[in-house]
Each structure stands twice: as structure tokens, then as C-alpha cells.
Amino acid sequence: MPRKIGTGVQSFSKLRERGSFFVDKTEFISDWWNADDEVTLITRPRRFGKTLNMSMLECFFSPEYAGRADLFEGLNVWKDTEMRELQGSQPVIFVTMAAIKGIDYKDFLEQMNAEMQSVYSRYEEFINYSDKISDAKKEKFNLFNRTMIKTMVAEPDTPDKKVNTTILKQSIAFLSELLSIHYGKKVIILLDEYDTPMVESYVKKYWDETAAFMRTFFNTTFKSNPYMYRSVLTGITRVSKESLFSDFNNIEICTLSAVKYQEYFGFTEEEVFAAMDEYGLTNKDEVKYWYDGFTIGDLKDIYNPWSVTNFLGKKILSPYWANTSSNKLVSDLLREGDAEMKSDFEHLLCGGTVTKQINEELVYSDLSADDNSAWSLLTMSGYLKIESRDDEEYELKIVNYETVKMFRGLISKWFRKGNSYSNFIKALLQNDLDYMNKFMNDLTVSMFSSFDTGKKPSEEAEPERFYHGFVLGLLVDLRERYAVTSNRESGFGRYDVLLEPLDKEKDDAMIFEFKVINKRKGENDLEDTVAAALKQIEDKKYEQVLLDKGVKKEKIRKYGFAFEGSRVLIGE
């Protein structure tokens with residue numbers, strides 16, 4: 001009988017006690033222990049088993065679980081007799097920052113305060129009854145705890161509501177001292193989702209204050225803490241050393257490109273297919289198409305555990321991983337990216353690859369100013385995979401069909417206003433120029449600025465940035481009928497956008513040329529610019545690629561898009 005599926009359960013002990021589905025990754029415990037690194041940072045995409053593996057480490061080493069051989073019997077780590085002796089033998093502090101998503105710096109501090117108090121509450125009775133900890137240190141612990149509680153329950157906008165940042169920065173280091181005194185051993189510190197507050201502070205514009213706080217917190221907890229034995233941090237991204245780890249020389253960093261621990265986060269194809277056999281599921285090719293595609297270290301064909309586990313339980317192919325986050329940062333980067341970035345993403349959505357420079361150490365302050373940083377974030381977060389590498393040049397591709405569906409959903413949201421977007425598609429297919437012009441002018445007035453923020457002021461930005469975003473939107477609803485490409489060679493030049501019908505008898509082909517009004521060339525109004533755009537299509541013979549593919553000349557429509565600021569005119 002197949003095991004129960006514990007969807008969303010990230011507690012190792014609960015999964016084992018209930019006999020739920022679990023892929024054995026316990027060799028990670030012995031590999032990490034034997035590596036003997038002082039501080040280890042492991043970055044993986046979200047929902048990749050990070051929290052479960054941290055819970056697994058806690059259950060193995062913490063005295064709280066001493067004698068719990070039942071949690072590990074039958075698993076790989078229990079075959080190692082030397083490792084068995086270590087179970088329940090090391091004091092452990094487990095902290096998670098997954099829920100710290102403040103709307104501003106004040107809210108961030110209050111949420112940090114609540115998390116540290118939650119950690120303290122787990123040890124309150126234990127520390128106060130310890131006969132090895134002095135009364136003075138117990139009183140200091142209780143002072144820390146009372147201060148954090150008082151802050152939590154205080155009325156808003158009162159002096160008591162102000163977070164004591166000094167206590168917060170020292171909280172884990174001091175708790176390490178107390179546990180070390182009681183057990184006579186230094187402490188293992190596990191910090192899960194360390195970068196969540198950093199990402200939130202960047203998106204919500206309070207990065208500098210958060211980075212300054214976290215830099216001190218990390219130094220106190222990991223760098224200058226004499227009671228720490230070893231630590232593991234997990235997160236999605238590797239935040240730059242200058243931002244958080246500026247004076248660390250004791251950190252082992254394992255990103256997606258690292259071979260170390262490559263098999264312990266994410267499911268291998270062998271593990272996925274074995275699980276499908278257990279649950280009597282045979283559509284392995286479909287599952288591979290939807291959820292395969294991640295690469296970690298030297299391992300290819302890695303699957304996202306969240307998606308696979310949900311599929312095993314529900315037996316329905318669906319974008320489970322893509323729907324576990326708002327994806328706001330990714331959406332903003334794509335929407336505000338320049339024309340080249342949007343064109344590259346068109347190519348990716350059509351199944352192609354792009355070549356970019358990737359830096360695994362992210363400088364968040366560079367994200368809006370440096371496209372390479374944006375591509376790095378997309379890759380390190382698991383949205384793109386590395387097909388090949390030549391020194392610093394990486395060939396990138398969208399990971400799998402689940403991720404493609406996520407991106408299409410993001411793009412369609414930029415343009416949907418009731419049914420107006422689908423109405424525009426109908427107008428385009430029916431060649432209704434009046435409605436097309438009305439829609440485009442309404443859209444540019446209401447949305448133009450949001451596509452041109454970031455690198456340049458709106459009045460200076462290239463208007464093509466907006467239109468390349470528009471073309472990405474077209475892909476969502478037209479992909480079943482058209483192959484959409486842009487900036488490709490045809491005839492004697494490079495067209496802006498070309499829509500090639502999949503059914504050449506049923507649908508017309510279309511060529512778009514975008515032009516900004518240029519009065520130096522004698523263009524006095526948008527009508528002149530439309531005429532110049534249409535003339536360029538003819539002079540450069542952009543239709544040639546369509547003719548070569550068997551599209552009849554009379555089935556090719558040509559559109560000139562002329563714009564001046566937020567004013568648009570479309571002509572045929």
C-alpha cells in the first residue's frame with residue numbers, strides 16, 4: 001500500500017511518525033558532519049526541501065530527540081554505526097526567517113522580534129530549571145525574553161512598541177552561550193530561509209536599513225560567537241558578501257553550481273519514477289515535461305519536490321511550484337526590463353536559449369541597473385536552467401513547462417483589464433484598426449510609465465520597452481495559432497515583430513514595425529511615421545521569410561506602429 005502524502009508538512013519528525021511519503025536524503029547528515037565546515041550556506045530554489053532537511057538535522061542532533069531511533073531506522077544514515085552514536089548528542093538552535101516579510105523596516109523589526117521570542121519560548125522552562133546556568137545569566141535570559149514579549153503585546157505607536165535592536169542582535173549568540181553552559185558543548189545553529197527578509201526589503205524599498213541590521217546580526221551569531229560549533233544557513237539566493245558576510249572567512253557556500261550536497265535538495269529522476277511506481281502512475285513522459293529540468297552541480301534531470309509531491313497526491317498535472325509565491329520581484333524585473341530583455345524572453349518562451357553572464361553572488365542594489373544581475377537572479381532562483389557554460393558565458397533556458405506557464409500567467413496580468421485584452425486579440429485577428437488604436441492609446445496612457453521606470457525617466461526611456469512587453473502579452477493568447485518572433489533577419493534587414501500562422505490556410509501572417517516620430521526626417525505627425533514604418537517593411541522585404549515558408553503574399557498583413565510619448569497610431 002502506498003504511503004500517505006503529507007502535502008506541505010516540513011517537519012521531519014511528523015513525516016516519519018505518520019509513515020508519510022519521504023525520499024531518503026539522510027546521507028546529507030553524515031556528509032555535512034564529516035565535511036567539518038564551520039558555517040555552510042546552501043542556496044536552492046523555493047520549495048526544494050530546504051526546510052525539511054534542516055528539520056532532519058535538528059531531529060538527528062538535538063538532545064530534544066535523544067533516543068528517537070524510530071525516526072531514522074531503515075534510513076541510510078542509520079546504517080552508519082558511528083553516526084548512530086551522535087543522534088541526540090549536540091545542542092541545536094533552529095531559527096526560520098521564512099515568515100519575516102515586513103512591509104517596512106519597523107514591521108521587519110517587529111517580525112524579527114516575534115521570531116526570536118518564539119525561539120526563546122522553546123527554552124524558557126529548560127533554562128530556568130537548569131542547575132548549571134547561573135542565576136545572573138538566567139535573569140539576563142528572562143530580561144531578553146520579557147523585553148521581546150513586552151514589545152509584541154504593546155499598543156501600536158507607544159514607546160513600549162519600539163523594538164530593542166541590541167537585544168535582537170545578541171539574542172541567538174546569548175542563547176548559544178546558555179545551551180553551551182548546560183550541555184558542556186558548543187551549539188549547532190540552523191538558520192532557514194536567511195534571505196527572505198532581504199528580498200522583501202529590496203522589493204519594498206527598505207534595503208539599506210535591513211542590510212545594516214542583518215550584517216550585525218550575522219556577525220554576532222556566526223562570526224564572533226565563541227559558543228557556536230557549526231552552522232547551516234539555507235536560502236534561495238547568495239546575497240553579496242559586501243551586504244551580509246563582509247568579514248566572514250569561515251563560510252562554505254554551496255550554490256546551484258556546486259557539486260557539494262548536489263543530490264540532497266530536489267528529487268532525481270530515479271527517485272521520481274520510483275515514487276510514481278509506488279503510486280501506480282505511468283505518465284512519466286508528461287511528468288518529465290512538466291517538472292524536470294533543474295540542474296544542480298553535475299546533476300541534470302532534477303525535479304522540484306513540491307510539484308512532484310503534490311502531483312503524487314492529487315494525480316493532476318498542474319503548476320504547483322509556480323503558484324506558491326507572488327513572484328513579484330521576478331515580475332517587476334521582466335516588466336521594467338529594457339527592449340533587449342523582453343525580446344530575449346520572447347525567445348525563451350518560444351523554447352529557445354539566450355547567452356548571458358551570470359554571477360552567483362547577487363548585489364541587489366544592481367538588479368534594476370544591470371541586466372546581468374537580473375538574469376543571475378532568475379537563474380539562481382530556479383526559473384532558468386544552465387544548458388552549457390563557456391567561462392563566464394552561460395547558455396540559459398526556461399526550466400520546464402510548469403515555469404513557462406508561470407511566466408505566461410505573469411505577462412498576461414500586465415495587460416488584462418476585464419475582457420479588453422481578449423477583445424484586442426479579436427480586433428487584431430479581424431483587422432479592426434479602429435479598436436486596435438483605441439485600445440493601444442488607452443493602454444499607453446494608463447500603463448506606459450510602469451514599463452519605463454527603473455533605468456531611465458519615462459520621458460527618456462525607449463518606447464520599444466513597452467511594445468516588447470506587449471509582444472510578450474500577445475504570446476499568451478496567440479501561442480496556439482502563431483509562432484511569434486522579433487528582431488530577426490529577413491530580406492535586407494531585421495523586422496520588429498513577425499507572427500507566423502501555424503495554419504497558413506486559415507490565418508493571415510502579420511509583420512509589425514515600430515517607429516518613434518522623427519521630425520528631422522520630415523515626419524510632421526504620426527501619419528508620416530506610420531507611412532515610414534510601412535515603407536521600411538516593403539523596402540527591406542521583411543516578408544521574405546514568410547514567403548520562403550510557403551505563406552501566400554496576399555495572406556501577409558503589414559502594420560506600422562507610430563508613437564510619440566504615450567500617443568500611438570497603428571496603420572496598415
Examine distances only and state if a side-chain atom of Glu402 and a backbone atom of Tyr320 form a donor-acceptor pair shorter than 3.5 Å. yes
Counting N and O atoms only, with roles assigned by atom type, does the side chain of Trp321 sit under 3.5 Å from a partner on the main chain of Arg46, one being a donor and the other an acceptor? yes
To the nearest 0.5 Å, what is the distance between OH on Tyr291 and CH2 on Trp306? 12.0 Å
Check Glu543 with Lys558, please: is the shortest side-chain N to carboxylate O separation under 4.0 Å? yes
Would you indicate whether the side-chain heavy atoms of Met97 and Met214 approach each other to under 4.5 Å? yes
Exam field: side chain Asp432 to backbone Tyr435, donor-acceptor pair closer than 3.5 Å: yes
Should Ile236 and Lys50 count as side-chain neighbours, where that means a heavy-atom distance under 4.5 Å? yes
Check whether any side-chain heavy atom of Lys300 lies under 4.5 Å from a side-chain heavy atom of Thr295, and answer yes or no. yes
Quick check on Lys552: does its NZ atom have over 12 non-hydrogen neighbours (other residues, nucleotides or ligands) under 6.0 Å away? no
Do Thr234 and Met54 touch side chain to side chain, with heavy atoms closer than 4.5 Å? yes
Thr353 vs Glu395, test: side chain to side chain donor-acceptor pair (under 3.5 Å). Steps then yes/no. CA-CA 6 Å; Thr353 64; Glu395 184 185 16; 3.0 Å; yes
Test side chain to side chain donor-acceptor pair (under 3.5 Å) on Gln536 and Tyr542; report intermediate values, then the result. CA-CA 9 Å; Gln536 180 169 320; Tyr542 290 153; 3.0 Å; yes
Smallest heavy-atom separation, Ala258 atom then Cys254 atom, equals CB-CA, 3.8 Å
Salt bridge flag under 4.0 Å for residues Lys101 and Glu193: no
Look at the side chain of Asn400 and the backbone N and O of Gly293, then say whether any donor-acceptor pair between them is shorter than 3.5 Å. no
Min side-chain heavy-atom separation Leu384-Ile398 under 4.5 Å: yes
Is any NZ, NE, NH1 or NH2 atom of the basic residue among Lys535 and Asp528 found under 4.0 Å from an Asp or Glu carboxylate oxygen of the other? no
Side-chain touch Glu564/Lys519, heavy atoms, less than 4.5 angstrom: yes
Between Ser376 and Asn359, is a side chain to side chain donor-acceptor pair (under 3.5 Å) present by the stated rule, with each step listed? CA-CA 6 Å; Ser376 298; Asn359 183 356; over 6 Å; no
Is any side-chain heavy atom of Val239 closer than 4.5 Å to one of Tyr202? no
Hey, is Asp301 close enough to Lys288 for a salt bridge, meaning N to O under 4.0 Å? yes
Tell me, with the steps shown, if Phe48 and Phe265 meet ring-ring contact (aromatic ring centres under 6.0 Å, His included). CA-CA 6 Å; Phe48 242 74; Phe265 298 81; 8.6 Å; no
Close side-chain approach of Phe28 and Glu263, heavy atoms under 4.5 Å: no
Positive for ring pair (Phe, Tyr, Trp, His ring centres under 6.0 Å) with Phe213, one of Tyr105, Phe218, Phe108, Tyr206: Phe108
Determine, stepwise, if the pair Glu513 / Tyr495 fulfils side chain to side chain donor-acceptor pair (under 3.5 Å). CA-CA 7 Å; Glu513 184 66 26; Tyr495 55 78; over 6 Å; no
